[in-house]
Amino acid sequence: TQSTRPQRLLGAVQKKATRGNPRSVIQTIDQFCRQREWAMNVGDEKGCILDSVVTETNPTTVLELGTYCGYSTVRIASLLPPQARLITLEFNPDFARIARQVITWAGVQDKVELVEGASGDLIPKMKAQFGVNTFDLVFLDHWKDRYLPDTKLMEECGLLKKGSILLADNVICPGTPDYLEYVRNSPRYQSQYFKSHLEYTKVEDGLEKSVFLG
Ligand SMILES: C[C@H](C[C@H]1O[C@@H](n2cnc3c(N)ncnc32)[C@H](O)[C@@H]1O)NC(=O)c1cc(-c2ccc(F)cc2)cc(O)c1O
Ligand SMILES: [Mg+2]
């Protein structure tokens, strides 16, 4: 039977990347996406912006919405201090299965909890079931029409504190117009746009960084 693109991406990682070396896994996936097949990872250009936001936030608790193959999961986890943890949500079981193997190959599995399910169902369970108080950083990279409802849900569930950072991928392409309008006009957020390009292309895209003001 035919392999899927995530399976071929994992194959490249297991063939070319050094086990236990997150940077090598990232480099291998970027090379695969540039030379073989495009895939919807945040990519190397926007990835550098992600790295700088993670580093300056120095988060203890991170939430990622939309794991896909685990590229940004590995990128973020590799920058976290030892006791920090990253919870990543993915509702496609086939993608989740691939992502677990990419995360383990990179050696960051001890910092990552991959939960299979839909963000809308899981966010309300974060405190009771996952022992989370608040998130220092949230990376939004799932269905683009879920960014706004899930942000409101996180507010309602008390998962954001003064200074919590929301970092959203794809605010231009594919685009998240209702989310952008909300975080840019709400008095509860201070927003900043980081202009970049859609992963592995010359098409404009960018990341929106929004600080929750409480
Ligand atoms: C949505 C996907 C990323 C993953 O998110 C999981 N997911 C979804 N909704 C939920 C939920 N509610 N809860 C948990 N997980 C969830 C899913 O299964 C995918 O694995 N990302 C994209 O579609 C995406 C698309 C493009 C793109 C850009 C230009 C084009 F011409 C074509 C595609 C670029 C990007 O950078 C993306 O990120
Ligand atoms: Mg994305």
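Read the numbers this way: they start at 1 and go in the same order the structure lists the ligands and their atoms. The shown structure was predicted, so the numbers you read here are calculated from the model rather than taken from an experiment.
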Which residue and non-hydrogen atom of the protein lie closest to [atom], and at what distance in Å?
atom	result
atom 5 (O) of ligand 1	Gly66 CA, 3.4 Å
atom 13 (N) of ligand 1	Ser119 N, 3.0 Å
atom 15 (N) of ligand 1	Phe91 N, 3.3 Å
atom 21 (N) of ligand 1	Met40 SD, 3.5 Å
atom 1 (C) of ligand 1	Trp143 CE3, 3.1 Å

* Asked: Considering all protein heavy atoms, does one lie under 4.0 Å from atom 30 (C) of ligand 1?
  ->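 False for atom 30 (C) of ligand 1.
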Against heavy atoms of [X], which atoms of ligand 1 measure under 4.0 Å?
X	result
Gly117	13 (N), 14 (C)
His142	1 (C), 5 (O), 7 (N), 8 (C), 9 (N), 10 (C), 11 (C), 12 (N), 16 (C)
Tyr68	20 (O)
Asn92	18 (O)
Glu199	34 (C), 35 (C), 36 (O)
Asp169	36 (O)
Trp38	27 (C), 33 (C)
Lys144	21 (N), 22 (C), 24 (C), 37 (C), 38 (O)

Less than 4.5 Å apart, side chain to side chain, heavy atoms only: is that true for [X] and [Y]?
X	Y	answer
Leu63	Leu89	yes
Glu199	Asn41	no
Leu166	Tyr189	yes

* To do: Closest by any non-hydrogen atom to atom 28 (C) of ligand 1: pick that one out of Asp141, Leu198, Ile123, Val42.
  => Leu198
* Structure fact -> Of Lys46, Glu116, Glu64, Glu90, the residue with the heavy atom nearest atom 19 (C) of ligand 1 is Glu90
* Contact check, Leu89 vs ligand 1, heavy-atom distance below 4.0 Å -> yes
* For ligand 1, is there an atom lying under 4.0 Å from some heavy atom of Ala118? ->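 Within the 4.0 Å threshold, so yes.
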* For ligand 1, is there an N or O atom under 3.5 Å from any N or O atom of Thr67? -> no
* To do: Return yes or no for this condition: an N or O of Asn170 is under 3.5 Å from an N or O of ligand 1.
  => yes
* Gln7 atom CD, neighbour heavy-atom count above 12 within 6.0 Å ->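 Correct, the count exceeds 12.
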* Asked: Would one find more than 12 heavy atoms of other residues, nucleotides or ligands at under 6.0 Å from atom CD of Gln27?
  ->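 No.
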* **Centroid-centroid under 6.0 Å between His142 and Tyr147 rings** => yes
Using a 3.5 Å distance criterion without hydrogens, assess whether the side chain of [X] forms a donor-acceptor pair with backbone atoms of [Y].
X	Y	answer
Ser164	Phe135	yes
Ser52	Ile49	yes
Ser186	Arg188	yes

* To do: Run the salt-bridge test on Lys202 and Asp205 with the 4.0 Å N-O cut-off and return the result as yes or no.
  => no
* Give a yes/no answer: is there an N/O/S atom of Ser72 under 2.8 Å from the Mg ion (ligand 2)? => no
* Could you tell me whether any N, O or S atom belonging to Asp169 is less than 2.8 Å from the Mg ion (ligand 2)? =>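 Here the distance criterion (N, O or S atom, under 2.8 Å) is met by Asp169, so yes.
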* To do: For the atoms OD1 of Asn170 and OD1 of Asp141, give the angle they form at the Mg ion (ligand 2), rounded to 10 degrees.
  => 90°
* Structure fact -> Only one of Ile76, Thr67, Ile103 passes side-chain contact (heavy atoms from CB on, under 4.5 Å) with Val112, and that residue is Ile103
* Asked: Side-chain donor-acceptor pair under 3.5 Å between Tyr200 and Asp44, yes or no?
  -> no
* Asked: Does NZ or CZ of Lys16 lie under 6.0 Å from the centre of the six-membered ring of Phe32, at an angle within 45° of the ring axis?
  -> no
* Check against salt bridge (charged side-chain N to carboxylate O under 4.0 Å, His left out), Arg100 and Glu116 -> CA-CA 11 Å; Arg100 289 188 200 288; Glu116 278 183 53; 3.3 Å; yes
